[in-house]
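To start, the structure under review is shown below, and the notes come after it.
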Amino acid sequence: MRKILIVGATSGMAEACARLWAQRGDHLFLAARNPSQLQSVGDDLRARGAGRVGQQVFDVNDLAAHAALLAEATQVLGGLDTVLIAHGTLTDQERAQQDVAYALQEIQTNGTSVVSLMTLAGEQFAQQGRGAIAVISSVAGDRGRQSNYVYGSAKALVSAFASGMRQRLAKQGVHVITIKPGFVSTPMTAHLKQGALWARPEQVAKDIARAIDQGQRVVYTPGFWRWIMLIIKHIPEFVFVKLKL
C-alpha cells in the first residue's frame with residue numbers, strides 16, 4: 001500500500017493514475033486548483049476503494065505554500081512515500097513569443113514550480129531513507145522546436161533537474177522517475193487535431209504506475225516516443241532549422 005500525494009490531481013493523466021491506485025487500496029492526497037473538480041475526483045476515488053483520500057485546493061504558483069502541502073499530505077495519510085507531480089498548462093506559443101510576462105509565467109507553472117515541489121519532497125524522502133518522486137515532463141523537452149519551445153524549455157528544465165536529483169538521491173533510497181509522454185488525449189489537448197500517435201490517459205497511467213512500482217528512471221509513454229525523439233534529437237542543426245516542426 002502506497003501513500004501518495006498527487007499534485008495536479010484533476011489532470012487527465014493524474015486522474016487515470018489515481019483510479020489505478022484507488023482500486024488497489026492505496027492512500028491518496030489530491031491537490032488541484034478547481035474545488036468542484038477536486039471534490040468530484042475525490043468522491044470517485046473513494047467509491048473505487050481508495051484506502052484514504054485527502055484533498056486540498058492548491059495553486060502550484062504559490063511557492064510559499066509548497067512545504068505546507070507536503071506537511072498536510074503527510075499528516076493526513078499517516079506518512080508519505082510517493083509523490084506524483086502532474087500539473088501543467090499547454091502554452092500558447094504565439095502569445096508567449098510576444099508577451100514576456102506570459103512566457104515567464106508559463107515557465108514557472110510548468111518548470112520552476114515543479115523544481116520547488118521536487119526539492120522539498122526529495123529532502124523529506126532523503127531524511128526518511130525511502131520514497132519515490134514521479135514527475136511528468138514531456139517529449140517536448142528533448143529538443144526545442146519552433147511550435148512549442150516555451151513549453152518545451154520548461155519541460156527540459158524539469159527533465160534535467162530530475163536527472164541530477166535522481167543521481168544524488170539514489171544513494172539515499174529515493175527513486176526519481178521522469179515521465180515523458182507524447183501526445184495524450186486529455187481535456188488540455190482537446191482543441192488539437194488528433195491522430196495515430198495519440199494515446200489515451202489510461203494507457204499512459206499504466207506506464208506511470210508500473211514505472212513507480214519498478215523503480216524505473218526515464219519512461220517514454222507510449223514507448224515508441226523514445227525512438228521518435230532519438231531521431232529528432234540527432235537531426236543536424238543545419239537541417240533542423242529548415243524543418244517545420
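Every value quoted in this text rests on a predicted model; they were computed, and no experiment measured them.
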Are Leu80 and Leu117 co-members of a hydrophobic cluster defined by side-chain heavy atoms under 4.5 Å apart? yes
If you take all heavy atoms of Val41 and Ala9, which pair is closest and at what distance? CG1-O, 4.2 Å
Under a 3.5 Å distance rule, please check whether Arg52 uses its side chain to pair with a backbone N or O of Val76 as donor and acceptor. yes
Under the 3.5 angstrom rule, does the side chain of Ser11 hit a backbone N or O of Gly8 as a donor-acceptor pair? yes
Any Thr119 side-chain heavy atom under 4.5 Å of Phe161 side chain: yes
Is the shortest side-chain heavy-atom distance between Tyr151 and Asn110 below 4.5 Å? yes
Any idea which heavy atoms bring Gly111 and Val158 closest together, and the distance? CA-CG2, 4.0 Å
All pairs passing salt bridge (Lys or Arg N to Asp or Glu O under 4.0 Å) where residues 160-174 contributes a residue, at least two apart: Glu123-Arg168
So do Pro181 and Val139 actually touch side chain to side chain, heavy atoms under 4.5 Å? no
Find out whether His27 and Ile4 are in side-chain contact, i.e. whether some heavy atom of one side chain is under 4.5 Å from a heavy atom of the other. no
Are any non-hydrogen side-chain atoms of Val57 and Arg33 less than 4.5 angstrom apart? no
Are Phe125 and His175, when compared by the centres of their aromatic rings, separated by less than 6.0 Å? no
Distance col, row Arg226:CZ vs Thr221:OG1, nearest 0.5 angstrom, shows 11.0 Å
Once you measure the plane-to-plane angle for Phe183 and Trp225, does it fall in the parallel (<30°), tilted (30-60°) or perpendicular (>60°) bin? perpendicular
With distance as the sole criterion, is a donor-acceptor pair present between the side chains of His87 and Ser113 under 3.5 Å? yes
Verify the distance criterion only: is there a donor paired with an acceptor across the side chains of Gln39 and Gln55 at less than 3.5 Å? yes
Is a side-chain donor or acceptor of Gln172 paired with a backbone partner of Val174 at a separation under 3.5 angstrom? no
Could you tell me whether the side chains of Thr74 and Gln124 share a donor-acceptor contact shorter than 3.5 Å? yes
Do Gln56 side-chain atoms and Leu30 backbone N/O form a donor-acceptor pair below 3.5 Å? no
Grab the two heavy atoms, one from Arg46 and one from Asp43, that are nearest each other, plus how far apart they are. NH1-OD1, 3.1 Å
Just by distance, no angles: are the side chains of Thr91 and Asn148 close enough, under 3.5 Å, to form a donor-acceptor pair? no
Sorted by chain and residue number, the side-chain contact (heavy atoms from CB on, under 4.5 Å) partners of Ala199 (sequence neighbours excluded) come out as Gln203, Val204, Pro222
Please assess Val150 against Gln93 for the test side chain to side chain contact (heavy atoms under 4.5 Å, CB included), listing each intermediate value before the final yes or no. CA-CA 7 Å; Val150 173; Gln93 175 64 35; 3.7 Å; yes
How far apart are the C-alpha atoms of Gln97 and Tyr149, what are their side-chain angles, what is the distance that settles it, and do they pass the side chain to side chain contact (heavy atoms under 4.5 Å, CB included) test? CA-CA 10 Å; Gln97 291 166 189; Tyr149 63 81; 3.6 Å; yes
So which heavy atom on Ala211 is nearest to which on Val219, and how close? CB-CG2, 3.5 Å
Does a side-chain heavy-atom distance below 4.5 Å link Ile177 with Ile212? yes
Evaluate Leu84 against Val7 for side chain to side chain contact (heavy atoms under 4.5 Å, CB included), listing each step before the verdict. CA-CA 6 Å; Leu84 172 63; Val7 183; over 6 Å; no
Test item: Asn61 and Gln105 side chains (from C-beta on) under 4.5 Å apart, heavy atoms: yes
hydrophobic_cluster_shared for Leu157 and Met118, side chain cutoff 4.5 Å: yes
With a 3.5 Å cut-off and no angle check, do the side chains of Thr178 and Ser137 form a donor-acceptor pair? no
Indicate yes or no for a side-chain donor-acceptor contact from Asp81 to the backbone of Lys3 under 3.5 Å, with no hydrogens or angles considered. yes
Residues 150-165 vs salt bridge (Lys or Arg N to Asp or Glu O under 4.0 Å), sequence neighbours excluded, gives none
Tell me which pairs pass salt bridge (Lys or Arg N to Asp or Glu O under 4.0 Å) where either residue lies in residues 7-24, with sequence neighbours left out. Glu15-Arg19, Arg19-Asp44, Arg24-Asp26, Arg24-Asp213
Tell me whether Ser40 contacts the main-chain N or O of Ser36 through its side chain, where contact means a donor paired with an acceptor under 3.5 Å. no
Output the distance between atom NZ (Lys180) and atom CG (Asp207), rounded to the nearest 0.5 Å. 15.0 Å
In short, Gly12 meets Pro201 closest at the heavy-atom pair O-CB, 3.7 Å
Of all heavy-atom pairs linking Ala205 and Cys17, the shortest is CB-N, 3.5 Å
Listing, residues 227-238 side-chain donor-acceptor contacts under 3.5 Å, not counting sequence neighbours, or none:
residue, atom, partner, partner atom, Å
His234, ND1, Leu230, O, 2.8
Glu237, OE1, Arg143, NH2, 2.5

Measure the spacing between CG of Leu45 and CH2 of Trp21 and express it to the nearest 0.5 Å. 10.5 Å
Provide the full list of salt bridge (Lys or Arg N to Asp or Glu O under 4.0 Å) pairs with a residue in residues 87-110, sequence neighbours left out, each pair given once. Arg95-Asp99
Pairwise side-chain contact, Gln146 with Leu245, heavy-atom cut-off 4.5 Å (strictly under): no
Ile85 with Leu5, same ILVMFWY side-chain cluster at under 4.5 Å: yes
Cluster overlap Val115 with Ile6, hydrophobic side-chain contacts below 4.5 Å: no
For Gln23, is the CD atom crowded, meaning more than 12 foreign heavy atoms sit under 6.0 Å from it? yes
Does the pair His66 and Phe58 meet the rule for a side chain to side chain contact (heavy atoms under 4.5 Å, CB included), with working shown? CA-CA 9 Å; His66 287 190; Phe58 180 70; 3.2 Å; yes
Between Leu69 and Val60, is there shared hydrophobic-cluster membership here, with clusters defined by ILVMFWY side-chain heavy atoms closer than 4.5 Å? yes
CD1/Ile133 to CE/Met165 distance, rounded to the nearest 0.5 angstrom? 5.5 Å
